[in-house]
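Both ligands and their constituent atoms are indexed starting at 1 by order of listing.
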Amino acid sequence: MNIDGCPTRTIRLAADGETVEVIDQTRLPHEVVVRPLASLADAAEAIRTMVVRGAPLIGVTAAYGLALAMREDASEAGLAHAVETLAATRPTAVNLRWALDRMAAALGRPEVNDRTAEAYRLAAAMADEDVETCRAIGVHGAALLREAHARTGREVNVLTHCNAGWLATVDWGTALAPIYVAHDEGIPLHVWVDETRPRNQGAALTAFELRQHSIRHTIVADNAGGHLMQHGRVDLCIVGSDRTTATGDVANKIGTYLKALAAKDNGVPFYAALPSSTIDWTLADGVAEIPIEERPAREVTHMTGRAETGGIVTVEIASPGSPAANPAFDVTPARLVTGIITERGIASASTAGLAALFPREAGRVKARHG
Ligand SMILES: CSC[C@H]1O[C@H](OP(=O)(O)O)[C@H](O)[C@@H]1O
């Protein structure tokens with residue numbers, strides 16, 4: 001996405017051919033800052049502190065993190081250490097594990113003579129693949145918006161949660177990709193943007209993206225979604241995912257499950273948009289099996305923003321000394337998900353639905369698990 005002063009992709013190789021440049025998303029929306037990553041430690045820290053975030057972007061950043069690591073130590077031990085370091089940064093988004101496993105397998109092949117060069121080549125290919133995958137998600141998902149507009153003859157109201165836009169991927173996004181494709185086709189849209197406490201990725205990142213793309217939107221408190229649905233002001237919900245099970249359970253930013261409950265109660269279609277790299281084919285029960293990241297309590301008790309007098313400040317918004325808990329994700333059971341928008345089409349949120357679109361991937365796990 002071409003944004004004033006912003007790179008057209010969230011991650012890119014610098015002119016030196018070695019340093020990796022990312023948009024520092026902790027500085028958005030008030031500052032557009034491109035941060036260089038020059039080492040394995042830089043890449044791990046960027047993922048851990050959410051300088052980069054979003055399942056697909058975490059995966060691609062990890063891939064480039066391995067390339068940076070190979071410059072430091074391209075031995076077997078160096079590769080194993082780098083994989084372990086990056087895997088430990090954040091537990092929920094399966095794209096991290098998917099990217100690391102894919103890169104490690106490729107780099108471990110005996111015919112690879114220059115691991116560093118091969119790692120950079122593979123990371124760049126993964127980034128390009130992500131762009132195309134997300135564009136395809138947009139094309140398939142746009143059909144839902146086109147149909148809603150044809151049915152109602154008016155502007156389509158979409159509710160989304162957190163940020164699953166181009167800032168969460170290399171480009172296009174997942175949940176927002178259908179919105180971009182439909183908007184660019186001229187379909188009238190309005191997006192209800194959940195602010196998404198506690199890190200406010202909706203208010204800070206999704207709203208930033210939509211404003212830059214001139215798409216009508218309204219930021220709302222997380223607790224407003226059910227009310228809007230009760231009053232017929234939401235035609236459908238589209239959210240992202242950090243890990244989806246083979247049975248269609250969807251792990252996504254905390255609060256997604258509550259939106260899905262409200263959508264079910266009000267007959268509002270609820271879709272998750274995700275690339276197949278976000279599907280964990282080894283899992284069947286998301287609530288029981290998907291690891292939920294616990295982030296620092298300070299993210300709940302404090303908030304960072306721009307003071308009205310100018311300057312970025314962090315303020316304590318909670319009662320000093322009160323404990324806070326900060327589970328970063330929740331799991332929406334498949335029974336609450338109307339469909340899953342992928343790069344190969346829209347599947348029902350079920351084992352059969354996902355296996356129909358991805359028979360090889362689903363079959364591989366069945367073979368492994370019998
Ligand atoms: C396209 S993945 C987007 C997904 O990732 C976000 O989590 P985080 O910002 O903590 O990485 C959120 O769950 C989004 O839906």
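Protein heavy atom at the shortest distance from atom 1 (C) of ligand 1 is Thr174 OG1, 3.3 Å. Scanning all protein heavy atoms for the shortest distance to atom 2 (S) of ligand 1 gives Ala55 N, 3.2 Å. The protein non-hydrogen atom at the shortest distance from atom 3 (C) of ligand 1 is Asn163 O, 3.5 Å.
For the residue pair Asp130/Thr133, the side-chain donor-acceptor check at 3.5 Å is not satisfied. When only modelled atom types and interatomic distance are considered, Asn95 and Ser277 share a side-chain donor-acceptor pair under 3.5 Å.
If you look at His190 and His217, their ring centroids are not closer than 6.0 Å.
Distances shorter than 4.0 angstrom do not occur between any heavy atom of Gly173 and any atom of ligand 1. Using a 4.0 Å heavy-atom cutoff, Arg199 is absent from the residues neighbouring ligand 1. Ligand 1 lies within reach of Pro56, whose nearest heavy atom is under 4.0 Å from it. Within the structure, ligand 1 has Met50 among the residues with a heavy atom less than 4.0 angstrom away.
Both tests pass for Lys253 against the ring of Phe329: distance under 6.0 Å to the centre and angle within 45° of the axis.
Each of His149, Arg154, Glu155 was scored for a side-chain contact (heavy atoms from CB on, under 4.5 Å) with Asp235, with one residue passing: Arg154.
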